[in-house]
Number of protein chains: 4
Amino acid sequence: MRKKGANGQESRARLLTVAANEFARSGYHKTKISTIVSRAGLTQPSFYLYFDSKEAVFNELMLKFRSQLKELIADGRLEAGISREDVPGRITAVLSSLFEFLERDPDLTQIGFFIGQEASEVKKELTAMIEQNLKAEQKDGYFQQEANMTIIAECLVGTLERLTLQQLLTGKCTPEDLAHQVVNLYMFGITA
Amino acid sequence: MRKKGANGQESRARLLTVAANEFARSGYHKTKISTIVSRAGLTQPSFYLYFDSKEAVFNELMLKFRSQLKELIADGRLEAGISREDVPGRITAVLSSLFEFLERDPDLTQIGFFIGQEASEVKKELTAMIEQNLKAEQKDGYFQQEANMTIIAECLVGTLERLTLQQLLTGKCTPEDLAHQVVNLYMFGITA
Amino acid sequence: MRKKGANGQESRARLLTVAANEFARSGYHKTKISTIVSRAGLTQPSFYLYFDSKEAVFNELMLKFRSQLKELIADGRLEAGISREDVPGRITAVLSSLFEFLERDPDLTQIGFFIGQEASEVKKELTAMIEQNLKAEQKDGYFQQEANMTIIAECLVGTLERLTLQQLLTGKCTPEDLAHQVVNLYMFGITA
Amino acid sequence: MRKKGANGQESRARLLTVAANEFARSGYHKTKISTIVSRAGLTQPSFYLYFDSKEAVFNELMLKFRSQLKELIADGRLEAGISREDVPGRITAVLSSLFEFLERDPDLTQIGFFIGQEASEVKKELTAMIEQNLKAEQKDGYFQQEANMTIIAECLVGTLERLTLQQLLTGKCTPEDLAHQVVNLYMFGITA
DNA sequence: CATGAATGAGTATTCATTCAT
DNA sequence: AATGAATGAATACTCATTCAT
């Protein structure tokens, strides 16, 4: 009865957005419910109207990130049979859209990649998916037979993680740019 | 009934070790002084006999990591003038000793690389140092002139970070092994 | 089971009253938040709902005393120009209302006059104000020209302080009574 | 065996002096044993070699003050039978030596007069003694018969207390000076 | 005579969470 | 749909005090 046009879904969404921002900026523990509700223009009990607990909001955000990421990966699988010279372009496109996704909601990316223990799992899953793809492509002869794709995938994820944090989310590079550079580096190295 | 051979320095060291382990396993906030002292076989006031605060121990650990790392890096700078075919070997050696250092005290590595806000600074500094080295070598003609060393350095740090966490600290790979693979990847890529 | 008519302002007031009583009886350090809230029928967190800290409540009480006192003094300034024979009556009235004020809230008086380091400042201020008044009256010829009003003011404040503690707050004398005796003493002495 | 010329009595004396200073400056609660021993160049256990507890040192200091004061008062009792014109001089001398005593050891005076609950008793006793003397002199006809000596004594003690704190211990006035002024004020008042 | 090392007991403060309205 | 008021449970930190040497 306080806010006239009060709308449950809107309040919930606002809380979620603010929560994401707080978690992203301050981490899980330093984030206080009191801050979230205050920034959302609500009071503490209202928070519990929409979420079961602090952990619950966090999980919801994490889940959101994970499912979006999973979906993206599922769509972007490299099909076999493309010609050798198209591989770089194809991979660039995949990475590009991955960076685009990571750029879309910085707070969510921060949470999904860097906050909480689940972030670790997320990256493990991402690594596994990438490893699968790389191995398939290796089997098809696109990559060196002796390359250890488990390690390469790990390297790549570390690279993506760091570039996301330092170049993408800071606005220093565009998704396409980053994708290009990564592909170049990983395919041909930097030797003169 | 006090410990007979009660020795201050020993108690302090024990507290420091346990603290490192707790911080590494649980992060800064979840780590409780009560757990630390209990594991060290002491009581809470004893903790404050040796450290000013929870933050102070953490800072001491972080400082320890940072100074050790700095020292390592300072020592390991590539000298210019080595012949072209020795560059890979030289870099491998540097990375190898870096991984060895990171492997030596896993808890400290965890803290210095992954816990707290300073970890971010640590990696930035590491990135900057690496970037310097890479640029010097690029100037000497070892690497492609058009490679963006800022980005490469970032990629490399991400790679190191991830390999440390997933391969090194889990005991899956040796420092030498990882160094080799990273150098191979970054110098020549994985294209067949 | 919350109090039915739970009312924030009332709770706050209750806390303030109890706090004043505890500070007055036990001094700042011996006063425990746990005692205050317990006597106020609340729990510890509730205390922090209304006050920032133990120090903050104390300061609030001290401020309350100081501002009330300041107001009283401001109102009671002796106007010049009254006839010589009215001076004693006038001063008696002023002291009387001062004692009345000090009697009104014994706990607050205890705090403002005897507890904490600010009590010292309070008395210094009071002394300064009284000195001003006495000097003005001296200039008007009501008092001996050679009397050192700085000292007299100090004596008077000591006297007021002690009488308040021993005679007023113990109920042994009324404000009027005390005022009369003080004026008599200070104006004419006790010589036969 | 640490300090070569270590002398128990000397250490004890040093502790006592430092303790007095700390109590005087910071009050009972804020005074820490750790500070005392540190300033005395000793360690905590040594403190307990000479005193049973924090309270015990304080009591010892308080007792010291009280007994010295009691002795002083006992000596200074006004004998009856002196001529009327000598009364002021006699009283001045008494007050003067009282102020001198209070000036001798400022820390002890601070403790005995202003710190702890016993200070209250001290002043009550002082008041009682003064009241006795005044009443005796009143009976002898030196003072007005209708003066309420209970109140006057109280006033006087307040005055002494305040002058000691503000004028004597700050070095602004000498004992003789203060004694004179007080006697003048209390005997003849300030009326022009 | 003195201390290095350790502790029992206490206290302010914080935060997620809940009831009654 | 929302809130004013309140709390359970936890935690960092302090200080006087004590053994064993």
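Residue numbers begin at 1 in each chain, while the letters A, B, ... track the order of the sequences.
- Ring centroids of Phe58(B) and Phe51(B) are separated by 6.0 Å or more, keeping the two rings apart.
- Residue-level contact check: Tyr50(B) touches the backbone only, with heavy atoms under 4.0 Å from sugar-phosphate atoms and none from bases.
- Residues Ser46(B) and Thr43(B) form a side-chain contact, since some pair of their non-hydrogen atoms from C-beta on lies under 4.5 Å apart.
- Considering only side-chain N and O atoms, Ser46(C) lies nowhere under 4.0 angstrom from the phosphate OP1 or OP2 of dA6(F).
- Here dT7(E) presents its P atom at 15 Å from CD1 of Ile33(B), a figure rounded to the nearest Å.
- Note: NZ (Lys54(D)) to P (dT14(F)) measures 15 Å, nearest angstrom.
- Atom CG of Leu61(D) and atom OG1 of Thr17(D) lie 8.5 Å apart (nearest 0.5 Å).
- In this structure, the separation between CG on Leu16(C) and CD on Gln9(C) is 10.5 Å, given to the nearest 0.5 Å.
- Contact annotation: Ser11(B) reaches the phosphate of dA6(E) (side-chain N/O to OP1 or OP2, under 4.0 Å).
- As a whole-Å value, the separation of Gln44(A) CD from dT21(E) P is 20 Å.
- Counting non-hydrogen atoms under 4.0 angstrom, Thr35(A) reaches nothing in the nucleic acid.
- Consecutive pairing runs in DNA chain E reach the stem threshold at E:2-21 with F:2-21, where a stem means at least three Watson-Crick or G-U wobble pairs with distances under 3.5 Å.
- What separates CZ of Phe47(D) from C1' of dA16(F) is a distance of 9 Å, to the nearest Å.
- Within the 4.5 Å cutoff, side-chain heavy atoms of Arg39(B) are placed close to those of Asn21(B).
- Taking atom NZ of Lys32(C) as the reference point, atom P of dT14(F) lies 19 Å away to the nearest angstrom.
- Between Lys30(C) and Pro45(B), it is Pro45(B) whose nearest contact on DNA chain E lies nearer the 5' terminus.
- Paired with Phe23(A) under the rule ring pair (Phe, Tyr, Trp, His ring centres under 6.0 Å), one option of Phe65(A), Phe114(A), Tyr28(A) passes, and it is Tyr28(A).
- In this structure, CZ of Arg14(B) is placed 7 Å from P of dA6(E), rounded to the nearest angstrom.
- Straight-line distance from the CD1 atom of Ile36(D) to the P atom of dT17(F): 11 Å, rounded to whole Å.
- For dT17(F), the OP1/OP2 oxygens have a side-chain nitrogen or oxygen of Tyr48(D) closer than 4.0 Å.
- Inter-residue side-chain proximity for Leu15(B) and Leu42(B) is flagged as met; some heavy-atom pair is nearer than 4.5 Å.
- Between the CG atom of Asn7(B) and the P atom of dA20(F) there is a distance of 18 Å, rounded to whole Å.
- Across all strands shown, Leu49(C) has heavy atoms under 4.0 Å from base atoms, whether or not it also approaches the sugar-phosphate.
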